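Note that this is a predicted model, so its numbers are computed, not measured. Each chain gets a letter, A, B and so on, in the order the sequences are listed, and its residues count up from 1.
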Amino acid sequence: MSRISDTLSRGRGLICYLTAGFPSEELFIEHAMASVEGGADVLEIGVPFTDPVADGKVIQMTSQKALDNGITPPRVFELTRKLRALTNVPLVLMGYYNPIFQIGEGRYAQFAHESGADGLIVPDLPLEESEELREACIRNEIDLVQLVSPTTSEERMIKIARASMGFLYVVSALGTTGARTSLSSDVGPLIRRAKKAAGSLPVGVGFGISQSEQTGQLYREGADAAIVGSALLKNIIDGATLEDTRRFVASLRDGRGFQD
Amino acid sequence: MKDRTRFGQYGGRYVPEILMPALEELEREYDSVKVDSIFQAELREYMRHYGGRPTPLYFARRLTERCGGARIYLKREDLCHGGAHKFNNVMGQALLCKRMGKERVIAETGAGQHGTATAMAAAVLGLKAEIYMGTEDIARQRMNVFRMKLMGAKVHPVDSGSCTLKDALNEAFRDWAATVESTYYLMGTAAGPHPYPAMVRDFQSVIGKEIRRQILSQEGRLPDLLVACVGGGSNAIGTFHPFLNDPGVGFLGAEAAGKGLDTGKHAASISGGKVGVLHGCKSYLLQDGNGMISQTHSVAAGLDYPGVGPEHSLLNDIHRAQYTGITDQQALLAFRTLSEVEGIIPALESSHAVAAGMERAAEMSKDQVIVITVSGRGDKDLETVIDLMGVDD
């Protein structure tokens, strides 16, 4: 068992995604810590990339802003190190494959581990292309989280779940990341299929999750964790204070709604 | 075991999981039509009666005299329906789309030639087409935007990143991830995730197959050198591939050196890049030390892309093909020369091949034969050229 799967096995978990270095290095750290105070069980740290094809408008924008701020993978490792000094929650780096390939899979996994990260998520690295990075992650004692989607067949889901470490990331709906107002009616059956394939590995559900009603629905359907990114970042773009972030995360974790 | 998704180390399928089942389905469908005589017959009919194939292989007497070396033939893809080689690939994929029962096609476009060809094929087959195009390219290729709209396609302007072909591809991928169950992604070049590089190459190989037949009939021998421009590289791989097993036939790819390979303002992935992964495949790529994708520049919108088809990367590494950078200035000069000497106005993309071919022909002997693929016609580029060069009264 890894720190990530240990943490998420408790159920009703919340994974919060923030783009590293957005809106600034300091505010990224502060909003990340506000998320932890609000009840985030795992932090996903977005490694900005010039061409984030799996992401919607919000994360495209925050990634570009972070790149404009001079954020590079080495800076992300540095920010991860800073967060690690402040909190014990598991940290997962979510980033596209080309920067990993350039640094080298072995070195990237090593730097991630040394910075205090517990795992990696690589949205454009499907099972068939992931073997080398998975071996590098195993050597460096971090998890490589695999993703499944509504288009993934039963048989394929089992293969992917077997390879996944930390948790199994379920993409809730077709399309890119970004807040949607309601969840697809197919999300329940999708979670049940994923749970069955995952066995004892926790299942986290992301893409389009933005409200406590949705996190509540995911928990009722059996998800071990909900993953929220764009909605948090959208609030920050719109000027959310640290207290706003803390309260928003707390409401998501409740899975009920704002309790004013 | 040979990995069928790769060309040596290049290629592969680096895409979000959402798209993997669709790519597997596409691979199965494509494998089945390859050996389906009814499909192939239908494609041949469209190629001949709708597309105007075979396109001529023209002996350019005055250009040959101008260069003073090898006998220069031009493969006239500019005479293909729509004004470019793009038709060959689009017609094949659009028929495949129809066979798969999908009614909506999406495509990216740079110069607008692929978008135009997609709009054309969608119109003739009764499909709904939506085209992603960078705002920078929309500004420099207005006529093609109008042509697409005229044929019933919807054009989505893309204003992210450099607002060119790379960003149009990003948006097309995002659309496909949302609509994959009902939509066919009609990729325009021999790049992207497997099976696109192999499939697009196969559909474009009609160019090289015709060249072989035509040159044997006109010269009684195979050419010494084939020359084509390389952005993503579909007209080049279609020109080269049928001659892979003819060691006497050399391949020369002309990449866009923009303002010069040492200026950083170019789009020559093989000549100036290093191996990386973008848009689903591993290949040479223009990027910085952190793996961020570089902004590119070329006077030719269709070459203004940081990557290249994976098979070209392999052909380069095994020294089967050579790749050379042609600057904007060299391309513009060739654009003018071919217009003046032969009365053929080539696309700015194709002008890169013409420039490279003229340079090489001059160094070859008079009994040698060189074929330059003129991938498209230059009407779409007149505004750009007038802005850059002016028009003599």
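By the neighbour-count criterion of 12 heavy atoms within 6.0 Å, atom NZ of B:K102 is densely surrounded, having more than that number from other residues, nucleotides or ligands.
Using a 4.5 Å cut-off between heavy atoms, A:V171 touches chain B through its side chain atoms alone. Residue A:Q60 touches chain B through its side chain alone, counting heavy-atom pairs closer than 4.5 Å. Neither the backbone nor the side chain of A:Q64 comes within less than 4.5 Å of any heavy atom in chain B. Neither the backbone nor the side chain of B:Q295 comes within contact range of chain A; no heavy atom of the residue lies under 4.5 Å from a heavy atom of that chain. Interface remark: A:Y97 contributes side-chain atoms only to the contact with chain B (heavy atom separation under 4.5 Å). Proximity to chain B (any heavy atom under 4.5 Å) is shown, for A:P52, by both the backbone and the side chain. With a threshold of 4.5 angstrom between heavy atoms, A:I160 approaches chain B through side-chain atoms but not through N, CA, C or O. Both the backbone and the side chain of B:P16 come within contact range of chain A, with heavy atoms under 4.5 Å apart. Neither the backbone nor the side chain of B:L169 comes within contact range of chain A; no heavy atoms are under 4.5 Å apart.
In terms of non-hydrogen atom pairs under 4.5 Å with chain A, the most contact-rich of B:V275, B:T179, B:L278, B:D175 is B:V275. For the set A:I103, A:L147, A:I100, A:V122, the count of heavy-atom pairs under 4.5 angstrom toward chain B peaks at A:L147. When each of A:N98, A:T151, A:L127, A:V53 is scored by its heavy-atom pairs under 4.5 Å with chain B, the top score falls to A:N98.
What you find for B:D167 and B:G161 is that their closest heavy atoms are OD1-CA, 3.4 Å.
Applying the side-chain contact (heavy atoms from CB on, under 4.5 Å) test between B:M292 and each of A:T72, A:D51, A:L67 identifies A:L67 as the sole match.
Salt-bridge annotation for B:R13 and B:E27: present, with a side-chain N of the basic residue lying under 4.0 Å from a carboxylate O of the acidic one. We find that A:D224 and A:K195 are joined by a salt bridge, their nearest charged nitrogen and carboxylate oxygen being less than 4.0 Å apart. Taking 4.0 Å as the cut-off between side-chain N and carboxylate O, B:E171 and B:R174 count as a salt-bridged pair. Using a cutoff of 4.0 Å between basic side-chain nitrogens and carboxylate oxygens, A:E25 and A:R75 are scored as salt-bridged.
A donor-acceptor pair is defined here as one N or O able to donate and one able to accept, closer than 3.5 Å; no such pair exists between the side chain of B:N316 and the backbone of B:E311.
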